[in-house]
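A short worksheet on the structure shown next.
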Number of protein chains: 4
Amino acid sequence: MAETAAPHGYIHNKDEYLKRLRRIEGQARGLQRMVEEEQYCIDILTQVSAMTKALQSVSLGLLDEHLSHCVVNAVAAGGPEADAKLKEASEAIARLVRS
Amino acid sequence: MAETAAPHGYIHNKDEYLKRLRRIEGQARGLQRMVEEEQYCIDILTQVSAMTKALQSVSLGLLDEHLSHCVVNAVAAGGPEADAKLKEASEAIARLVRS
Amino acid sequence: MAETAAPHGYIHNKDEYLKRLRRIEGQARGLQRMVEEEQYCIDILTQVSAMTKALQSVSLGLLDEHLSHCVVNAVAAGGPEADAKLKEASEAIARLVRS
Amino acid sequence: MAETAAPHGYIHNKDEYLKRLRRIEGQARGLQRMVEEEQYCIDILTQVSAMTKALQSVSLGLLDEHLSHCVVNAVAAGGPEADAKLKEASEAIARLVRS
């Protein structure tokens, strides 16, 4: 559902998110190297946990920005748009909690 | 802790793990594109959850192989090596559960 | 931080939450019985996972109600109260995602 | 699947597990009291996260004991019993990671 009006919350921090996602991409390549070199399972698992934590913190950042910009703007505007935005945010939170 | 003797459990499935990790690397690039193009926060969060699930299933696969090869071999050999291997596996499981 | 003004979001569903929490209390007693009777570890672990899921869904429900009532009211009132409420909600979400 | 032969791993720590599960039961009652008294949503969510962590650590303890007793005994005995026990342990770990 494309948000037309105000820019999304994360955009003022766009470079920071790109930097973190590039690092995560690097971690994915690093895992491939570890498997290529047949490194020890537990060492690979340790890196996977680190990458999962990095992804988790990106998602918590995006969610925080979404709540304080997109959801706040919709709530300020009121009406069905606000309800849809809140429902959507809750569903995204549920996906995060359950992933 | 480098495992010297028997090859690690996952090695007979090495190509499969490399393929899945390349896909995860592609997902990381896809997320960068979404941020670059300033796509909607919720759509990005949905992709982050999908990538987290993909990572989770790689880790569960590696752990399963580790238990049924590295831990089994150590248990069969017995002695302190087996205890160390079991402790190490439990710590890796705890990191996974808590990440 | 006690919310004085509008009643909390979940209160209109209070009986439902009490029912679910009583069931969770029953699950905790059930686990004690399983341990008392020295039942098989895996069967106990299966019940622990079920209880964790039940707790998770209570927390997602409470969070959804909190966003759509307490946070919305604070945003509508605007000012520092709204910022505090959003920050608090994000921290609660982070605790949930990381637990 | 009832384990007939050796006693389950956790039994030598039975009292400790019963104590922790009684505390978790108490937390469930505490949550009911908080809802009964219409306490603030975020304070209730904080307690839910604490209870989830307590459950998580019970499950990690049980799993560690299961690996180092039930799985080790089955591996020492060898044959299909060992494979079944390893598969079962991996499935329990997957449920924990995904809950």
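Order of the sequence lines fixes the chain letters, A, B, ..., with proteins taken first and strands second; residue numbering starts at 1 for each chain.
The residue among D:Q39, D:R20, D:Q56 with the most heavy atom pairs within less than 4.5 Å of chain C is D:Q39. Among C:I24, C:V48, C:T52, the residue with the largest count of heavy-atom pairs under 4.5 Å with chain D is C:T52. Interface remark: of the candidates C:I42, C:L62, C:D15, C:I42 forms the most heavy-atom pairs closer than 4.5 Å to chain D. Ranked by heavy-atom pairs shorter than 4.5 Å toward chain D, the options C:A89, C:A28, C:C41 are led by C:C41. When each of C:R98, C:H69, C:M51 is checked for heavy-atom pairs under 4.5 Å with chain D, C:M51 comes out on top. Interface check for chain C: of the options D:G26, D:A92, D:S59, the most heavy-atom pairs under 4.5 Å are formed by D:S59. Between chain D and the residues C:I44, C:L18, C:V58, the largest count of heavy-atom pairs under 4.5 Å involves C:L18.
Counted within 6.0 Å of NZ on C:K53, heavy atoms from surrounding residues, nucleotides or ligands total more than 12; the atom is thus considered enclosed. Remark: C:K14 NZ is packed, more than 12 non-hydrogen atoms of other residues, nucleotides or ligands lying under 6.0 Å away.
The ring of C:Y10 has its center no closer than 6.0 angstrom to the ring center of C:H66.
There is no side-chain donor-acceptor pair under 3.5 Å between D:Q47 and D:Q27. D:E65 and D:H12 share a side-chain donor-acceptor pair at under 3.5 Å.
Summarising the geometry, atom CG belonging to D:L45 is positioned 9.5 Å from atom CD1 belonging to C:I93; distances are rounded to the nearest 0.5 Å. Here CD of D:E36 is found 12.5 Å from CG of D:L31. Values are rounded to the nearest 0.5 Å.
Within the 4.5 angstrom heavy-atom criterion, atoms from both the backbone and the side chain of C:Q32 approach chain D. In this structure, the portion of C:I11 lying under 4.5 Å from any heavy atom of chain D is its side chain and not its backbone. Both the backbone and the side chain of C:R22 come within less than 4.5 Å of a heavy atom in chain D. There is no contact between C:E91 and chain D, counting heavy-atom distances below 4.5 Å.
Using a 4.0 Å cut-off between charged side-chain N and carboxylate O, C:K19 and C:E16 make a salt bridge.
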